[in-house]
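To start, the structure itself, in structure tokens.
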Amino acid sequence: QKPRAVIFEINPASFSPVWDKVPGLQFEKERFLFSASPFFSYFYRPLAISGAINFNTISLKEQLQTPVYRGLEKVGTVAEFSDEKKFASTTPENIRDTFIARYMSPITANHSKLIALERAIGIATEAGIKVYAYITPINHQKGEKYVVPDFLPQVTANLDVICQALRQALPTEPCLNLAFRVDSADFNYNRGYANEHMAQNGRKLVAEELAKILK
């Protein structure tokens with residue numbers, strides 16, 4: 001049985017260099033199992049162990065060398081923005097850097113995740129499955145506080161690119177952009193660093209907005 005509808009949750013931070021090329025998040029195994037014949041799928045483990053099939057399309061070294069940008073300016077590499085020793089101490093500079101790493105690199109129309117999103121929407125539509133999509137809230141108030149003055153303009157530009165891709169793939173549906181809808185107090189943060197985990201009020205707002213489009 002296939003679902004009548006699916007909801008795609010689009011997290012702007014997932015496009016960032018610190019997230020996009022994480023070796024363990026490339027879905028090599030899933031892509032192999034979906035594309036290979038049932039016969040070969042039985043031999044996934046021995047094929048992976050022997051190295052007969054490359055299930056590490058991106059190495060850790062490659063990921064750590066990926067540039068991190070603040071707008072058009074290169075400000076370091078993923079290695080520098082994921083240094084555990086550096087971020088063991090919660091300082092204003094470190095908080096700023098987590099927001100830069102997650103949100104300040106420009107998103108372009110040819111980003112691999114946008115291409116994958118469009119393909120996924122197309123596959124679902126061809127299968128007769130209704131697609132809904134929304135952009136998750138981010139702690140924009142805290143980002144504006146620590147990354148001034150360019151945080152809001154860069155994030156807005158990135159969101160516009162995502163919404164444009166959604167409008168092309170889902171021309172009959174609005175781009176439900178909740179990125180700026182939740183206040184800073186309604187995020188549940190670990191030591192103040194940037195992430196998207198919300199407290200109950202934030203979750204409630206998202207649920208209410210989704211209920212509107214589902215109705």
Practice problem: State, with a plain yes or no, whether a side-chain heavy atom of P137 is found less than 4.5 Å away from one of F187. | Solution: yes
Exercise. Consider only side-chain heavy atoms of I, L, V, M, F, W and Y, link residues closer than 4.5 Å, and tell whether I121 and I7 are in one cluster.
Key: yes
Quiz item: So which heavy atom on A13 is nearest to which on Y103, and how close?
Solution: CB-CE2, 3.9 Å
Quiz item: Taking everything shown except L72 itself, do over 12 heavy atoms lie less than 6.0 Å from its CG?
Solution: no
Quiz item: L114, L25: one ILVMFWY side-chain cluster at the under-4.5 Å cut-off?
Solution: no
Quiz item: What are the two closest non-hydrogen atoms of L176 and A133, and how far apart are they?
Solution: CB-O, 3.8 Å
Quiz item: Is any side-chain N of the basic residue among E208 and K204 closer than 4.0 Å to the acidic one's carboxylate O?
Solution: yes
Quiz item: Can you hop from I115 to L166 via hydrophobic side chains spaced under 4.5 Å?
Solution: no
Practice problem: Kindly compute the distance separating CZ (F99) from CZ (R70), expressed to the nearest 0.5 Å. | Solution: 12.5 Å
Exercise. Could you tell me which non-hydrogen atom of Y193 sits nearest to which non-hydrogen atom of T90, and how far apart they are?
Key: OH-CA, 3.4 Å
Quiz item: Is the backbone N or O of A165 less than 3.5 Å from a side-chain atom of Q168, with the two atoms forming a donor-acceptor pair by type?
Solution: no
Self-check item: Non-hydrogen side-chain atoms of N177 and Y134 separated by less than 4.5 Å
Solution: no
Self-check item: S82 side chain near V18 side chain, heavy-atom distance below 4.5 Å
Solution: no
Quiz item: Side-chain donor-acceptor pair under 3.5 Å between Q63 and T66, yes or no?
Solution: no
Quiz item: More than 12 non-hydrogen atoms from neighbouring residues, nucleotides or ligands closer than 6.0 Å to NZ on K113, yes or no?
Solution: yes
Practice problem: Go through E80 and V68 one step at a time and tell me if the side-chain contact (heavy atoms from CB on, under 4.5 Å) criterion holds. | Solution: CA-CA 9 Å; E80 297 170 80; V68 174; over 6 Å; no
Practice problem: Please report the closest heavy-atom contact between I100 and V75, naming both atoms and the distance. | Solution: CG2-CG2, 4.1 Å
Practice problem: For residues M198 and V182, determine if any side-chain heavy atom of one lies less than 4.5 Å from a side-chain heavy atom of the other. | Solution: yes
Quiz item: CD of E144 to CG of L152: how many Å apart, nearest 0.5 Å?
Solution: 4.5 Å
Practice problem: With side-chain contact (heavy atoms from CB on, under 4.5 Å) as the test, would you mind laying out the steps for I138 and F180 before giving the verdict? | Solution: CA-CA 7 Å; I138 63 176; F180 302 139; 4.3 Å; yes
Quiz item: Going by distance alone, is a donor N or O of one side chain under 3.5 Å from an acceptor N or O of the other, for Q154 and N158?
Solution: yes
Exercise. Tell me whether V22 is reachable from I107 by hopping between hydrophobic residues (I, L, V, M, F, W, Y) whose side-chain heavy atoms are closer than 4.5 Å.
Key: no
Quiz prompt | Criterion side-chain contact (heavy atoms from CB on, under 4.5 Å) on R203 and D186, from CA distance to verdict | solution = CA-CA 9 Å; R203 297 175 185 179; D186 291 323; over 6 Å; no
Quiz item: Heavy atoms, side chains only, cut-off 4.5 Å: are L205 and R181 in contact?
Solution: yes
Quiz prompt | Side-chain heavy-atom pair F15, D20 within 4.5 angstrom cut-off | solution = no
Quiz item: Rounded to the nearest 0.5 Å, how far apart are NZ of K86 and CG of D97?
Solution: 4.5 Å
Quiz item: Nearest 0.5 Å, what's the CD-CD distance between E196 and E9?
Solution: 9.5 Å
Self-check item: More than 12 heavy atoms of other groups within 6.0 Å of K142 NZ
Solution: yes
Exercise. Mark yes or no for whether D183, through its side chain, and A185, through its backbone, hold a donor-acceptor pair below 3.5 Å.
Key: no
Practice problem: For S105 and Y69, indicate whether the former's side chain and the latter's backbone hold a donor-acceptor pair under 3.5 Å. | Solution: yes
Quiz item: Has the side chain of K2 got a donor or acceptor atom that lies under 3.5 Å from a matching backbone atom of A127?
Solution: yes
Quiz item: What distance do R96 atom CZ and E93 atom CD have between them, rounded to the nearest 0.5 Å?
Solution: 5.0 Å
Practice problem: State, to 0.1 Å, how close P17 and A101 come at their nearest heavy-atom pair, and which atoms those are. | Solution: CD-O, 4.0 Å
Self-check item: Spacing of L170 atom CG and T125 atom OG1 [to the nearest 0.5 Å]
Solution: 6.0 Å
Quiz item: Is any side-chain heavy atom of F81 less than 4.5 Å from a side-chain heavy atom of T98?
Solution: no
Quiz item: So do L159 and C175 actually touch side chain to side chain, heavy atoms under 4.5 Å?
Solution: no
Exercise. Starting from the C-alpha separation in whole Å, work towards a yes-or-no answer on side-chain contact (heavy atoms from CB on, under 4.5 Å) for L178 and V206.
Key: CA-CA 8 Å; L178 303 181; V206 171; 4.1 Å; yes
Quiz item: Are W19 and I95 connected in a single hydrophobic cluster, I mean Ile/Leu/Val/Met/Phe/Trp/Tyr linked by side-chain heavy atoms less than 4.5 Å apart?
Solution: no
Practice problem: Please say whether the positively charged group of K130, taken as NZ for Lys or CZ for Arg, lies over the ring of Y132, i.e. under 6.0 angstrom from the six-membered ring centre and within 45 degrees of the axis. | Solution: yes
Self-check item: Heavy-atom closest pair, residues I10 and P12
Solution: O-CD, 3.4 Å
